[in-house]
Structure formats: C-alpha cells, structure tokens
Protein chains: 2
Amino acid sequence: MKQKKDTETNNSASNPERPLLRIPNLEYGVLDNLLGFALRRAQNTLFMDFYRATADYDISPQRFAALVLIAENKNIRQAQLAEALGLHRSGALRLVAWLSERGWVERHDDDIDARAWGVSLTQAGSTILGELTKVVQEHDFNIQRIVGDRNSQLKTDLELIAKNGLTAINVEN
Amino acid sequence: MKQKKDTETNNSASNPERPLLRIPNLEYGVLDNLLGFALRRAQNTLFMDFYRATADYDISPQRFAALVLIAENKNIRQAQLAEALGLHRSGALRLVAWLSERGWVERHDDDIDARAWGVSLTQAGSTILGELTKVVQEHDFNIQRIVGDRNSQLKTDLELIAKNGLTAINVEN
DNA sequence: TATTGTTATACTCTATAACTATA
DNA sequence: TATAGTTATAGAGTATAACAATA
C-alpha cells in the first residue's frame, strides 16, 4: 500500500565518531602497510570535519547527498535513491520521510507508474541545500588543500578504487 | 569494580554495506566535486572487499586492527585500545570481551596499576592473526594495485588528511 | 579528584520479512 | 510473477551515565 510515511522519525544526525588518530608510543605493525587503514582514518577525519562544518544543521553526509540527488534528478524515485546511496528500500524510505518531515522534499505521484513516488525539493529544501552546499564545499576544499595540487589525482584514484575494487558482489533485494 | 566480562556478546561482524556505485543515468551535481564523496565510495568498496576476503572468519576491520594492536603492544590496556580505535571505553570493553570469548585474547592484572588489565594474545589468537594477516594483506594489495605505482603516494596523502584535517575537535570522556 | 573498567540503558543505522498495490 | 513502497521488527555499533575500585 503506497501511503506517505511522514511522522515520528525522531533521529538526529548520528554524532560522528571519535577521532581515530595515531597514538605516539603505540606499535601499529601491519596496519601501517594497509591502504585500508589509512583510508579509514582519513574518512574518520573528514567525517568529523563534515559534522563540525554543518553543526548548525541536523544533517549528515548521506542526507546531504540525498538532497543533492533529489535536486539534480527531477522526480527521482525512492528506489533510485536507495541504489545511489547504497541503501535498502526501507532505508531510503526513512531518509525521504525524514527530509519530508522537515519540509525539504515532497512526494507526488509518478505519472507513468502509480506504484512509485516522484521525490522533489520544496522551496525550503532548495534554500537549505543552497546554504549547505556552500558550507560543505568550503569544508571539502579545506581538506583538499591539505594535499595541495595532488587533490585532483587523489580524487581520481579514490574513484578508481570505488569502481574497480569490487569483483562480483551479489546483493539480493 | 574490575571484573572480566566474557559472556553473552552475541554479535557477529556487521555485514558490510551495499555497494555505493555510480548509477549511469543519474546526475550527481556538486557531489562530483567533493573529495568526501569519493572517499566514502572508495571506503565502501574497500570495506566490502575486506568482508569478501575474510568471509571464513567472523571478523571486521576493527576486530582485525584490535588483534594487531594487542599483538604488537605487550599487555596493552583497554583504554589505550579505545583511544587507538576511536572508541569509548565501553566499546573497547565489548570488543575485548568478544575476542576473549573466542579464546583469542586474555586479560591479566597489570602489575603497575591494579585498576587496569593487560590484554594479550593467546596462542590461538596468534594463529588466527597469522592467517588473517595473510588474507587481509592480499586483499589490501589487490586494492593498491588498482592505482599502480601511485599507491604509496595515495597512502601518504590519506595519512596527511587523517592527521591534519582536524583543527580542534573536543572529545569528552 | 582523576582514571580504569564495568554495567545498564538508549539511540542510530540498517537490514529482513511480510505485506499492499500496481505493472 | 516482479516491482515500488510500506510496516514491523531485530541486530549491530556506539554512546551516555552512574558506579566500584584504585591512583
């Protein structure tokens, strides 16, 4: 039964993690050779700085990404959002419901397929996204600045890994 | 009251996330400019491949890291482990309890400070860690191979970000 | 008074399974 | 029979707060 679920998602953006910094007098052994460990620590730092930068908003990287995707893709469906964000349908539902409760997005019937919603930004959502985009970009550029002119190569390499690191993972449902 | 907690932690390594891949006909807008988004996707891929590689063991990156730190640092304390892994004390307790239930680590009194445990590997833990290390390194090198001879620079840059990306984050407790 | 570890509890995220409506 | 979305529920991870023992 298709029916909007708009109430009682009382979750606030999960507070970041704690810092995951190198402790001076500790031996890290093989961890020092692992790209995975370095990636995890960089991700942790970036994550925490994201939350610092967006402290005025109850937002998360995922919520921000959802807003952008909704803004950029006219009447995107929840299932598409789920796939793009690596979520199960039920997770995408929660996310859209949360954004909807805040009045940032709205769902309307899809002309072609009566089972689906088309999700779009409201005026308020558009305003918020504008503010957020500025804040997030500034935060991200500050991080990019750390590696100087290698920032472009770094991003390219990370995208290469994202794309080519999975051989054949099956995901049901 | 210091007393070992060794029973009933019935959690198995949380199954990875779903793939977070680029969807062909979707517009990503500003997300394409963000290092954070690329980092998140690379992390997701690496994470999933870690689970694929270690599917024979009920392990996670964090559990593996804990084993290595325990092996490399004689009689490490839970609080040190917590700090090194970016966890609260209570989280480190859970982790050590889980490893202990499997007979991979053991806690003994710290000679210097009676409040603390010294955590160390058992013989069984040492064996498991040996196997795991081989598997994890192979997985990680496969990922590193994707970026060819830039793998070293990539790791360096990620460590730079991990270290310098946090200005002044306060963590209580 | 601060710190190590423990316990109990709560919250967030995400998934699974069963379901309705539509294709 | 498959797909979009919903609902209810459960599992895993992590945090907070209060506590005991020790420093």
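First the proteins, then the strands, lettered A, B, ... as listed; each starts at 1.
- Between the P atom of C:dA15 and the CG atom of A:Leu87 lies a distance of 6 Å, rounded to the nearest Å.
- Classified by interplanar angle (parallel below 30°, tilted 30° to 60°, perpendicular above 60°), the ring pair A:Tyr28/A:Phe37 is tilted.
- Whole-Å rounding puts the A:Leu85 CG to C:dC13 P distance at 13 Å.
- When distances are taken from the side chain of A:Gln78 to each of D:dT6, D:dA15, D:dG13, the shortest belongs to D:dT6.
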Under 3.5 Å, sequence neighbours excluded: what are the donor-acceptor pairs made by side chains of residues 118-127 of chain A?
from: A:Ser120; atom 1: OG; to: A:His108; atom 2: NE2; distance (Å): 2.7
from: A:Thr122; atom 1: OG1; to: A:Gly103; atom 2: O; distance (Å): 2.5
from: A:Thr122; atom 1: OG1; to: A:Trp104; atom 2: O; distance (Å): 3.1
from: A:Thr122; atom 1: OG1; to: A:Ala124; atom 2: N; distance (Å): 3.4
from: A:Thr122; atom 1: OG1; to: A:Gly125; atom 2: N; distance (Å): 3.0
from: A:Thr127; atom 1: OG1; to: A:Gln123; atom 2: O; distance (Å): 3.1

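- The phosphate of C:dA15 has OP1 or OP2 within less than 4.0 Å of a side-chain N or O from B:Arg18.
- Summarising the geometry, the separation between CZ on A:Arg94 and P on D:dT7 is reported as 13 Å, rounded to the nearest angstrom.
- Side-chain contact, B:Arg150 with A:Gln153: a donor N or O sits under 3.5 Å from an acceptor N or O.
- Residues A:Glu131 and A:Tyr57 have side chains in contact (heavy-atom distance under 4.5 Å, counting atoms from C-beta outward).
- In this structure, B:Arg94 is not positioned above the aromatic face of B:Trp98 in the sense of NZ or CZ being under 6.0 Å from the six-membered ring centre and within 45° of the axis.
- B:Gln80 has no side-chain polar atom (N or O) that falls below the 4.0 Å cut-off from OP1 or OP2 of C:dT4.
- When each of A:Gly86 and A:Ile112 is assigned the nucleotide of DNA chain C with its nearest heavy atom, A:Gly86 is the one assigned upstream, toward the 5' end.
- For DNA chain C, none of the residues of residues 66-76 of chain A falls under the heavy-atom distance limit of 4.0 Å.
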TODO: Start with the C-alpha gap between B:Leu158 and A:Gln43, add the side-chain angles, then the distance that decides, and say whether side-chain contact (heavy atoms from CB on, under 4.5 Å) holds.
DONE: CA-CA 9 Å; B:Leu158 291 172; A:Gln43 161 88 341; over 6 Å; no
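- Considering only side-chain N and O atoms, B:Trp98 lies nowhere under 4.0 angstrom from the phosphate OP1 or OP2 of D:dA12.
- One interatomic measurement links the two molecules: CD of B:Glu83 to P of D:dT14, which rounds to 16 Å at whole-angstrom precision.
- In this model, the phosphate group of D:dT6 is approached by a side-chain N or O of A:Arg107 to a distance below 4.0 Å at OP1 or OP2.
- The base of C:dT3 lies close enough to the side chain of B:Arg115 for a donor and an acceptor atom to sit less than 3.5 Å apart.
- Computed from coordinates, the A:Met48 CE to D:dT14 P distance equals 14 Å when rounded to whole Å.
- Side chains of B:Asp140 and B:Gln144: a donor-acceptor N/O pair is present below 3.5 angstrom, by distance only.
- The separation between A:Leu93 atom CG and C:dA21 atom C1' is 16 Å, rounded to whole Å.
- Taken over five-pair windows at either terminus, the axes of the helix from C:dT1-D:dA23 to C:dA23-D:dT1 are inclined to one another by 0° (rounded to 10 degrees).
- Checked by distance alone, A:Ser90 brings no side-chain donor or acceptor within 3.5 Å of a matching partner on the base of C:dT14.
- Here the side chains of A:Asn151 and A:Ile146 are not in contact, with every heavy-atom distance at 4.5 Å or above.
- In the set C:dA15, C:dT6, C:dC13, C:dT6 carries the atom at the smallest distance from any side-chain atom of B:Arg89.
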TODO: Take B:Leu31 and A:Phe64 through the test side-chain contact (heavy atoms from CB on, under 4.5 Å) and record every step on the way to the result.
DONE: CA-CA 9 Å; B:Leu31 298 178; A:Phe64 176 72; 4.0 Å; yes
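- Distance, A:Arg77 CZ to D:dA2 P: 19 Å, rounded to whole Å.
- Side-chain N/O atoms of A:Asn44 and A:Arg41 include no donor and acceptor closer than 3.5 Å.
- Going from atom CZ of A:Phe47 over to atom P of D:dT14 covers 12 Å, rounded to whole Å.
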